[in-house]
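Here is how names work: the chains are called A, B, and so on, in the same order as the sequence lines, proteins then strands, and each is numbered from 1.
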Amino acid sequence: MRSQALLDELQWRGLLYQHTDEVAGLLASGQTSGYIGFDPTAPSLHIGSLLQIMLLVRLQQAGHRPVALVGGGTGLIGDPSGKASERPLADAAHVDLNAAKIRRQLERFLDFSRANGARVVNNAEWLSELKAVDFMRDVGKHFTLNYMMQKDSVQGRLEGGISYTEFSYMLLQAYDFLELRRRYDVRLQLGGSDQWGNITAGMELIRRTTGLDAHAITSPLVTSSSGAKFGKTEAGAVWLDPTLTSPYQFYQFWINVDDRDVGRYLRYFTVLPREEIEALDGATAEHPEKREAQIALARNVTRAVHGDALGAVEEATGALFGGSVLGISQVAFEILRNEIPHVTIERGEPITVSRIIDAFSGPGNLFESKKDAKRSIQQGGFYLNQERVAPDQSAVDDSLLLHGRFLLVRKGARNYGLVEVAR
RNA sequence: GGUGGGGUGGCCGAGUGGCUAAUGGCAGCAGACUGUAAAUCUGCCGGGUUAACGCCCUACGAAGGUUCGAAUCCUUCCCCCACCA
């Protein structure tokens, strides 16, 4: 019944896309193990993978053992699922390095101590040992070309081309499932809906080679109401690694979620209980301008991913979006310094608009280029201490400095930077 | 291996010798309206420099060449697609 609770829970949260018929029986039969694979082609997981991580968390909460598989082996091949075109091969050194980083990210979400303690494994462990001839005989023989060609991941690529390497990917993932079934009695694989084909290939392989049972659950693709790809911002993906996406930017991503999406995201990405989420749904419907649901979402997810950094982030957010600049305390500025783009100017050096622009221009900075900055000023989108800067303004009066040394820079509605005069 | 078609800015996609930093759409940015939302309207949307007009640099798979001038023509190479072998 505990198991039915898991399926009900996933169902209510909108996380159940497809599953095998017997999965309810499996979950009902007692503690079992389920796994999800994570791709180490990037040095960090992003919020797309966060949904998968949360699936493992929910699995563990329901009393089962979560197994996170880092694809140190499969990452060298490349999963064609959901990809429109062939990707360049990743090099082994990077994949190794990434796998180690991703392992650490996964570890902070899972509990390793309990009876149903989590496990993190790397498929390089067995895939790198695999001999081509053995693989063809032991794995390849169980799949017909016809079966493989029918998979969506392959179908989608017939027009644009797919290499034998990526075409074979599903067999490696199938083999992973088999290995996990043998080694750790893992009977369930979870994943995004695009993984269904790979997962069922694994079930197929397990049945044919061992006769044992295997099961699958997939979650829907996360969408956004605006039609934009979920998890992408103008700056690129939203990463879990604080050096790639600062905790402040991370929090801002969630705070800015569309009213139409926030209820869904609360269900997907937090472990908040049903009543609480439903109350937030009501809050959004009644006084959306208070953004209570967004705040709850941002707070919970940021805490889960960045832990203690949440306090500083909220302090910084309050300072920037809370009210007058004069009310920002010295302490808040010191926090802000670490959360938003920040430059230091020598004391005595004259502060000018162009000096500030230079400091904040560059790829990935507040302004992409100096041209971009000039444009912004021309269009009236550049502010110092929340005061719009006129196109012909060049000097900045020292008296504007807050606490004698801080100057708040803003581009447009919500992009901030901080100038600090060295003491 | 052969024949034919194709590779254009973040994406899609026009453009077949000068009027092309390159039509259009999407995405993005700024302003107005707001709630750090959505929708809508307006403007912007390779980079450097300039108060500005402008000037310069880089760019149409890669490298060469023809030409006063090339995304557009020629050569070689790489990649993709279709058919044939």
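For rC26(B) and rG13(B), the C1' atoms lie 11 Å apart once the distance is rounded to whole Å. Rounded to a whole angstrom, the distance from the C1' atom of rU67(B) to that of rG17(B) is 9 Å.
For rU75(B), the paired nucleotide is rA63(B), the pair qualifying as Watson-Crick or G-U wobble because both relevant distances are below 3.5 Å. Across all strands shown, the partner of rG46(B) is rC57(B), judged by Watson-Crick or G-U wobble contacts whose two distances both fall under 3.5 Å. rA51(B): no Watson-Crick or G-U partner with both key distances under 3.5 Å is found in any strand. Across all strands shown, rG31(B) forms a Watson-Crick or G-U wobble pair with rC41(B), both key distances being under 3.5 Å.
In this structure, Glu334(A) pairs ionically with Arg405(A), as a charged nitrogen and a carboxylate oxygen lie closer than 4.0 Å. Between Arg267(A) and Asp281(A) there is a salt bridge, since at least one side-chain N of the basic residue sits less than 4.0 Å from a carboxylate O of the acidic one. Classification of Asp372(A) and Arg375(A) as a salt-bridged pair holds, one side-chain N sitting under 4.0 Å from a carboxylate O.
Here the P atom of nucleotide rA30(B) and the CZ atom of Arg414(A) are 7 Å apart, to the nearest Å. If you take CD of Gln378(A) and P of rA51(B), they are 12 Å apart, rounded to a whole angstrom. Between the OH atom of Tyr416(A) and the P atom of rU36(B) there is a distance of 9 Å, given to the nearest Å. When rounded to the nearest whole Å, the span between CG of Asn415(A) and P of rC29(B) equals 8 Å. One atom, CD1 of Ile295(A), and another, P of rU36(B), lie 10 Å apart when rounded to the nearest Å. Atom CD1 of Ile357(A) is separated from atom P of rG48(B) by 11 Å (rounded to the nearest Å). Protein atom NZ of Lys370(A) is 18 Å distant from nucleotide atom P of rG46(B), rounded to whole Å. As a whole-Å value, the separation of Phe321(A) CZ from rU36(B) C1' is 5 Å.
Comparing Gly318(A) and Glu368(A) by the nucleotide of RNA chain B that holds the closest heavy atom to each, the one mapping nearer the 5' end is Gly318(A).
A centroid separation of less than 6.0 Å is found between the aromatic rings of Phe321(A) and Tyr416(A). Less than 6.0 angstrom separates the ring centroid of Trp254(A) from the ring centroid of Phe269(A).
Partners of His403(A) under the ring-ring contact (aromatic ring centres under 6.0 Å, His included) rule, at least two apart in sequence or in another chain, are Phe333(A).
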Are there any protein N/O atoms within less than 3.5 Å of an N/O atom in nucleotides 31-35 of chain B, and if so, which ones and at what distance?
residue : atom : partner   : partner atom : Å
rG31(B) : OP1  : Tyr383(A) : OH           : 2.8
rG31(B) : O3'  : Arg388(A) : NH2          : 3.1
rA32(B) : OP1  : Arg388(A) : NH2          : 3.2
rG35(B) : O6   : Asp259(A) : OD2          : 3.3
rG35(B) : N1   : Asp259(A) : OD1          : 3.4
rG35(B) : N1   : Asp259(A) : OD2          : 2.6
rG35(B) : N2   : Asp259(A) : OD1          : 2.7
rG35(B) : N2   : Arg291(A) : NH1          : 3.1
rG35(B) : N3   : Arg291(A) : NH1          : 3.2

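Between the side chain of Lys371(A) and the base of rU49(B), a donor-acceptor pair under 3.5 Å is found.
Closest to the side chain of Arg375(A), from the set rG48(B), rA38(B), rC44(B), is rC44(B).
For Ser369(A) and rG47(B), the shortest distance from a side-chain N or O to OP1 or OP2 is below 4.0 Å.
Contact between Ser219(A) and Leu51(A) at its shortest, heavy atoms only, is OG-CD2, 3.8 Å.
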